[in-house]
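Chain A is the first sequence line, chain B the second, and so forth, proteins listed ahead of strands; every chain is numbered from 1.
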Number of protein chains: 2
Amino acid sequence: MDKFYTITELTREFGVSTRTLRFYEDEGLINPERRGRTRLFRPADRRLIQEILRGRRIGFTIAEIRDIIRVYKDPPGEVGQLEMLMAKVSEKRDELRQKRRDIEETLAELDNVEEACLTRLAEIGVGT
Amino acid sequence: MDKFYTITELTREFGVSTRTLRFYEDEGLINPERRGRTRLFRPADRRLIQEILRGRRIGFTIAEIRDIIRVYKDPPGEVGQLEMLMAKVSEKRDELRQKRRDIEETLAELDNVEEACLTRLAEIGVGT
DNA sequence: GCGAAAATTGACTTATACGTAAAAGTCAAT
DNA sequence: ATTGACTTTTACGTATAAGTCAATTTTCGC
């Protein structure tokens, strides 16, 4: 098989621009192969992009996403580095839990907003 | 009672700068009273700031936060406006649910990262 | 009512995450 | 060899959400 994707195939699949994928490469998040100058994206690259976009959706910065990715490719060898990373992971986890709470609360609030809209619509409907 | 807060009390409580709160005022998110030129923040303003920061944490833009806030203050009177708002609410809800999924997945991944770190640490520890 | 501390304003700067334009290269098909 | 669709690189531009700085007020404690 040895399937690969072109850059535009992936931009279409994920709804991002070519600029975005090249930017991610510049930032060292992905490293597609080349045939001449043209990028060849392998399934592994594709999965990586999915991860990057997931990180992006929850508000991670490029640097943070890079840190997470790096653990897999190139796990740090020094104890100090490992401990720093674990501290960061712990911090991120707290942050994500906070975010999850925020989302729950905001979802509840959106329900209120919707209800307020419906009430208002009913008022208008009755009045006319 | 008629308690109020100064701007710095709130910056300390919420860990933001005075410039940030003034920025939110410029953007029409809050409207603290004035005694002379000095802002007086009432409990209602304080709650509003909590909401704004919650919105910020989950990645809403200022404009989106403003839209949500406006519904309470000044619910739209036209049917068209109401329907537009409800469509937005629905969209936001989908977005938040996606984000919640992303967070769950990333939390799971952070567990993996941590485990990888621990394994690596154990290896190093044994080796030396 | 005075002086330090706090608050205000405006103008400018910053960081992140791309967008956009220009100019040239690639490649398959005609 | 040319067309057309796609891709590349480089370089500069932009929007959002504040931060920084400096120059004034304003307020508070005594």
Base C:dT20 to side chain A:Arg19, donor-acceptor N/O within 3.5 Å cut-off: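 Answer yes: a donor N or O sits under 3.5 Å from an acceptor.
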Let's see if you can work this out: which of [options] has an atom nearest to the side-chain heavy atoms of [X]?
X	options	answer
B:Phe23	D:dC6, D:dT25, D:dA17	D:dA17
B:Thr38	D:dT9, D:dT26, C:dA17	D:dT26
B:Thr6	C:dA7, C:dA17, C:dC18	C:dA7
B:Arg22	C:dT9, D:dT7, D:dC6	C:dT9

With a 4.0 Å cutoff (strictly under), does any side-chain N or O of [X] reach OP1 or OP2 of [N]?
X	N	value
A:Thr8	D:dT7	yes
B:Ser17	D:dG19	yes
B:Arg56	D:dA18	yes

5'-to-3' dot-bracket of DNA chain C (Watson-Crick, G-U; under 3.5 angstrom; crossing pairs as [ ]; | other strand): ||||||||||||||||||||||||||||||
A:Phe4 CZ - C:dC27 C1' separation (whole Å):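 That distance rounds to 12 Å.
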Under 3.5 Å between N/O atoms: give me all the protein pairs with nucleotides 28-30 of chain D, atom names plus distance.
from: D:dC28; atom 1: OP1; to: B:Arg35; atom 2: NH2; distance (Å): 3.1

Geometric cation-pi criterion A:Lys3 and A:Phe41, 6.0 Å radius, 45° cone: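 Verdict for A:Phe41: no cation-pi partner in A:Lys3.
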